[in-house]
Amino acid sequence: MGDWKAITVPVLSSDSKIILPYTSERKRSPTSMNSQVLRLSLPSPKNVHSFFGAFCTEENLEQSISYIDRELTTMGFPSIYAESKGKELNLVSIINCINELLVLQHKNLRAQEEVEIQHLKLGSDMDHLQNCYAKLKEQLELSKREIVGLQERDRQLQSKNRNLHQLLKNEKDEVQKLQNIISSRATQYNHDMKRKEREYNKLKERLHQLVMNKKDKKLAMEVLNYVGRADGKRGAWRTDKTEARNEEEMYKVLLSDYEQRQKQLLLENAELKKVLQQMKKDIISLLPPQKQKPKERSEDGLVLSDQEEDIGELNKENMWELSCETVREQLTNSIRKQWRMLKNHVEKLDNQVARGHSGAWNEKDVISREDHELETEKLELEIQQCKEMIKTQQQLLQQQLTCDDDTTLLLQDCYLLEERERLQEEWRLFREQKKNFEKERKSFTEAAIRLGLERKAFEEDRGAWLKHQFLSMTADCKLENVTTSAFLRSNLTDDVSLLGSDPDIRLVKCASRQRKPPSVLSPAISPEPCQISQYIAQN
Amino acid sequence: ASCIQHRLVVRDASSLQILQLYTCLDQIQYIEWSSDSLFILCAMYKRGVVQVWSLEQPDWHCKIDEGSAGLVASCWSPDGRHILNTTEFHLRITVWSLCTKSVSYIKYPKACQQGMAFTKDGRYMAVVERRDCKDFISIFVCNNWQLLRHFDTETQDLFGIEWAPNGCVLAAWDTCLEYKVLLYSLDGRLLSSYRAYKWPLGVKSIAWSPSSQFLAIGSFDEKVRILNHVTWKKITELDHPATISSKKTIVYKEVEKSPTVDTERLTFPPTRALASSLFSTQSKYQISQVPVSLQYIKPVADRANPKVGVGMLAFSADNCFLATKNDNIPNAVWIWDIRKLKLAVVLEQLCTIQGFQWDPCQPRLAVCTGISRVYLWSPAGCVVVQVPGEADFQITSISWHSSGNSMLLLSKENFCVCYLEREEV
């Protein structure tokens with residue numbers, strides 16, 4: 001219920017004061033209604049009594065009841081009178097009506113509250129919008145002013161630009177004009193110069209004539225004697241032959257110069273061709289065998305075959321000797337092809353790297369930079385490890401070497417000890433053997449002495465026997481034989497005594513000695529003692 | 001040989017002993033040795049007389065009188081037996097023969113800077129002639145002075161000609177108002193013509209490389225353009241800016257060393273040697289850090305023959321270096337490496353460079369700046385050599401001995417010989 005109904009009540013004057021505000025409020029703006037409404041929705045308790053008292057009094061009770069009844073019925077409420085047409089009031093209906101009115105009042109109050117709230121909201125929205133509107137208006141003003149300023153500047157700059165263009169044109173025109181002036185002046189000067197020169201020539205000719213004519217000071221050359229030519233040749237007459245020869249010589253000089261230059265250029269050419277070929281080979285070697293696309297592979301294959309063909313052809317033709325156009329073109333074209341391929345390849349690699357950077361792992365055999373770096377790190381680690389290993393091994397080797405020295409020394413010592421012991425043992429054995437030998441020797445010598453003694457005895461016996469024999473046989477020969485036999489005997493005895501002293505060594509000597517004396521003796525006797533001695537010697 | 005007034009003094013080159021003394025008729029203006037070093041000609045321009053002396057026979061004499069024709073220039077022919085006299089006003093060139101006492105005339109020679117050029121082997125001579133306001137070049141055979149070729153050149157005003165060292169190409173260049181370099185072959189055909197730009201002042205100096213491979217053209221725009229002998233096209237332009245910023249260039253700057261004086265050893269009155277050493281400042285070379293800005297002079301614009309542009313060009317004997325001087329930067333010598341076509345070294349001196357000469361055997365450059373110091377540069381380094389002496393010796397020109405062991409330093413009135421020691425290897 002947003003509408004306020006104009007309650008036109010035949011009111012008393014006291015009511016009019018209150019009711020007038022009602023009617024007049026409608027004309028006011030909605031904002032002012034709020035405050036009024038609030039005031040009126042909760043009638044102050046002071047006014048209540050006066051308000052209620054003012055309407056119905058003791059006198060106009062009937063009138064007021066009938067008026068209320070009329071109002072209620074027009075409002076749609078049941079009549080407050082009883083059924084019958086008497087003046088009895090139906091209390092129940094009155095209460096109902098009052099209740100209904102209260103409910104209505106509540107409803108109205110709530111609606112009023114809602115409306116007030118909405119009103120407030122709308123009011124604040126409106127304020128906000130108004131503020132925004134004001135701000136935007138300000139901004140618009142500012143920007144308009146800026147635009148105007150910029151436009152002004154733009155106009156100024158454009159005008160400056162136009163001025164500068166104009167100046168430039170003027171300058172150019174001036175320059176052109178000045179050049180024209182210069183050229184015209186130059187031609188004028190040239191003309192003047194030529195004129196002056198002609199005059200000068202004329203003067204020179206005149207002077208020359210005068211000089212030649214005067215002949216007061218003779219042109220002369222005094223030379224003491226002729227000087228020989230530098231190259232010793234005689235002067236030649238000026239003839240056609242000489243002229244021809246001159247020409248010839250001149251052409252020879254020129255030709256030789258050209259030939260030299262041509263040789264140099266040929267050499268340069270050959271070198272450059274070699275360099276180009278080398279470059280071609282290098283480029284071919286640089287291009288890797290591409291595995292990515294079959295199309296490319298086929299292309300590469302074709303190109304490779306082309307290259308090989310090219311190389312083959314060129315090698316066959318010995319191109320550095322030829323210098324014809326086609327060969328040169330071929331070479332340059334092939335190099336250009338290779339270079340283009342190399343460029344493409346490098347570009348591809350660059351793209352791959354870029355893609356790798358951005359993170360697209362499309363190609364399988366693309367090694368991204370991070371992977372590459374990882375691998376390089378790994379390799380470096382490996383290298384370091386290997387180096388460390390090598391170091392340690394070296395150290396160990398060194399240690400080993402030093403250890404070997406000690407051990408060898410020890411070993412050597414051990415060996416020495418062993419050897420020494422062995423040697424000592426051997427010495428012992430040796431000494432033992434020596435002792436044994438000595439013993440045997442002694443025994444031998446003793447045996448030899450005994451043998452000698454026995455022999456002596458034997459010899460004495462033998463001598464005695466022989467003596468008997470002699471005496472018996474040669475009773476005649478007395479003294480001589482005795483002496484000789486005595487001599488013999490003495491010899492024998494000497495020998496025998498000698499035998500005793502030296503067993504082995506002197507036996508031979510005895511034998512030798514024996515031989516000498518027997519020369520004195522008769523041959524018959526001598527052989528016998530010799531025989532005896534020999535026999536002894538043999539024993 | 002040196003001349004003083006009207007006397008000719010001949011000295012030995014290694015000991016400077018006076019060997020001969022000759023007296024001429026008049027003040028000698030010009031002397032020249034013959035190519036076989038047997039004769040010396042002395043030219044006296046005022047009198048118009050040339051006297052020739054012999055070293056072998058001091059009694060032998062020869063006098064050539066040009067008479068009223070006058071004498072402007074005189075020179076030997078390459079065979080050492082003919083003398084070419086240029087008469088006054090360049091009326092004609094007279095060829096006097098010492099062998100046959102005969103005379104030949106070359107008419108209409110041109111009065112230009114380098115109007116006569118002999119080939120290195122002495123076979124041919126080229127002369128610039130001008131008839132009817134047109135330039136011609138005549139090529140003569142030096143043996144018998146026969147005219148070989150005569151052709152005209154498309155130049156406004158031919159300024160100079162120069163043979164290439166191989167004797168097959170002749171370079172001719174136009175006046176400085178017009179940049180034009182023409183190249184003719186020995187038989188007179190035009191091989192090529194080169195023009196760098198049209199209006200500004202043109203060629204100032206030209207030099208052939210010893211191998212005839214390059215022709216360096218120095219022009220008034222402070223640049224040197226090098227042409228190659230195969231195509232006769234420009235291979236590079238060498239610029240001479242006032243600021244050097246390339247890191248690969250070595251800049252040697254001459255700085256003055258303040259002389260150290262031992263105050264205890266000062267005597268009164270001061271001895272001459274001490275005085276000279278006090279007042280003559282020593283100087284040495286110092287390497288300046290790049291970038292270096294050189295002293296740039298902009299001359300007055302309304303004078304003729306301004307001191308701008310590359311005025312001096314010289315190739316080293318081994319064809320590896322080119323020394324140039326930009327007249328705008330008169331204190332610096334620019335040495336370019338020809339193999340790399342880059343600026344190798346800049347020598348910055350204290351005074352204006354008067355001249356420089358390359359050693360005929362090694363890549364060694366001697367520079368003189370008008371003071372009593374000689375500056376030597378070689379790829380190994382550079383050194384300042386003070387000419388010892390009391391008087392102020394202002395060196396104006398240098399001339400190397402053909403063996404490269406000594407050089408002649410000339411000033412206005414004196415000369416001295418500088419001997420260079422060879423390192424024992």
*Any side-chain heavy atom of Glu247(A) within less than 4.5 Å of one from Arg149(B)?*
yes

_Distance (rounded to the nearest 0.5 Å) between Met250(A) CE and Ser185(B) OG_ = 7.0 Å

*Could you check which of Asp257(A), Leu265(A), Leu203(A) has the highest count of heavy-atom pairs closer than 4.5 Å to chain B?*
Asp257(A)

*asked:* Heavy-atom cut-off 4.5 Å, strictly under: side chain, backbone, both or neither for Ser183(A) against chain B?
replied: both

*Would you find more than 12 non-hydrogen atoms of other residues, nucleotides or ligands less than 6.0 Å from Gln20(B) atom CD?*
yes

*Reported OH-to-CD distance for the pair Tyr189(A) and Gln156(B), which is rounded to 0.5 angstrom*: 14.0 Å

*What distance do Asn246(A) atom CG and Tyr124(B) atom OH have between them, rounded to the nearest 0.5 Å?*
7.0 Å

_Checking Lys198(B) against Gln179(A) for the side chain to side chain contact (heavy atoms under 4.5 Å, CB included) test, could you report, in this order, the C-alpha distance in whole Å, the side-chain angles of both residues, the deciding distance, and whether it holds?_
CA-CA 10 Å; Lys198(B) 199 153 188 238; Gln179(A) 280 197 340; over 6 Å; no

*Between Lys204(A) and Tyr108(B), is there a donor-acceptor pair closer than 3.5 Å when you use the side chain of the first and the backbone of the second?*
no

*Picking from Met193(A), Glu249(A), Gln260(A), which has the most non-hydrogen pairs under 4.5 angstrom with chain B?*
Glu249(A)

*Could you tell me which non-hydrogen atom of Tyr251(A) sits nearest to which non-hydrogen atom of Asp187(B), and how far apart they are?*
CE2-OD2, 3.7 Å

*May I ask you to decide whether Arg131(B) forms a salt bridge with Glu197(A), counting only side-chain N to carboxylate O separations under 4.0 Å?*
no

_Is Tyr258(A) close to chain B through its backbone or its side chain, or both, or neither, when contacts mean heavy atoms under 4.5 Å?_
side chain

*Using non-hydrogen atoms only, which part of Asn190(A) is less than 4.5 Å away from chain B: side chain, backbone, both, or neither?*
side chain

*Measure the spacing between CG of Leu254(A) and CG of Leu186(B) and express it to the nearest 0.5 Å.*
4.5 Å

*What part of Asp157(B) lies closer than 4.5 angstrom to a heavy atom of chain A: side chain, backbone, both or neither?*
side chain

*Neighbour count >12 (heavy atoms, 6.0 Å) for atom CD, Gln262(A)*: no

*Would you give the length of the straight line joining atom CG of Asp132(B) to atom CZ of Arg198(A), rounded to the nearest 0.5 angstrom?*
8.0 Å

